[in-house]
Amino acid sequence: MPVDPTKPYDDDNIFARILRGDLPCKQVYEDEFALAFHDINPLAAVHVLVVPKGKYVSWDDFSERASDAELAGFVRAIGKVAREQQLVVQGYRLLANTGKRAGQEVPHLHVHIFGGQPLGPMLAR
């Protein structure tokens with residue numbers, strides 16, 4: 001179900017539950033700002049999700065309300081995960097959906113890291 005990014009944060013969304021330890025994940029990285037784990041329905045050879053530990057619905061919400069430390073820490077975590085997954089030399093794609101038309105499905109900001117294979121065009125028609 002598409003997410004309305006203008007709605008309040010839902011403490012029961014799947015990523016909030018993973019962050020609390022209520023649900024398991026196949027973790028690849030964690031620090032004070034972010035948690036990264038393999039997507040349960042991968043769309044590429046490497047498909048990792050990076051989520052901030054704060055309660056942010058979307059990129060818009062995060063960019064408006066996060067502290068400078070959270071912003072920097074989250075972006076650095078994404079880069080660290082890409083390097084640790086050995087994606088830099090061959091290339092990778094980052095994707096953060098915001099809202100209904102973009103297809104955001106979970107009301108917690110998350111960045112997809114795709115790699116490990118040729119990824120094709122940016123958008124399918």
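It should be emphasised that the depicted structure is a prediction, and the values quoted were computed from it without experimental measurement.
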- Within the distance-only criterion (no hydrogens, no angle test), does the side chain of Gln104 pair as donor or acceptor with the backbone N or O of Val106 below 3.5 angstrom? yes
- Of all the heavy-atom pairs spanning His110 and Val51, show the shortest one and how long it is. CB-CG1, 3.6 Å
- Are any of the side-chain heavy atoms of Pro107 and Lys7 separated by less than 4.5 Å? no
- Take the angle between the ring planes of Phe114 and His112 and call it parallel below 30°, perpendicular above 60°, tilted in between. parallel
- Task: State, to 0.1 Å, how close Ala45 and Gly116 come at their nearest heavy-atom pair, and which atoms those are.
- Result: CB-O, 3.6 Å
- For residues Ala36 and Val48, report the shortest heavy-atom separation together with the two atoms involved. CB-CG1, 4.0 Å
- Message: Do Val46 and Tyr92 make a side-chain contact, defined as non-hydrogen atoms from C-beta onward lying under 4.5 Å apart?
- Response: no
- Minimal non-hydrogen separation, Leu119 against Ala44, with atom names: CD2-CB, 4.1 Å
- Would you please say whether a donor-acceptor pair under 3.5 Å links the side chains of Tyr56 and Glu70? yes
- Compare every heavy atom of Asp31 with every heavy atom of Ala77, then report the nearest pair and how far apart it is. CB-OD2, 4.1 Å
- Message: Taking the side chain as everything from C-beta on, heavy atoms only, tell me whether Leu94 gets closer than 4.5 Å to Ile113.
- Response: yes
- Query: Counting only heavy atoms not in Arg93, do more than 12 fall under 6.0 Å of its CZ?
  - Reply: yes
- Should we say atom CG of Asp11 is surrounded by more than 12 heavy atoms from elsewhere, each under 6.0 Å from it? yes
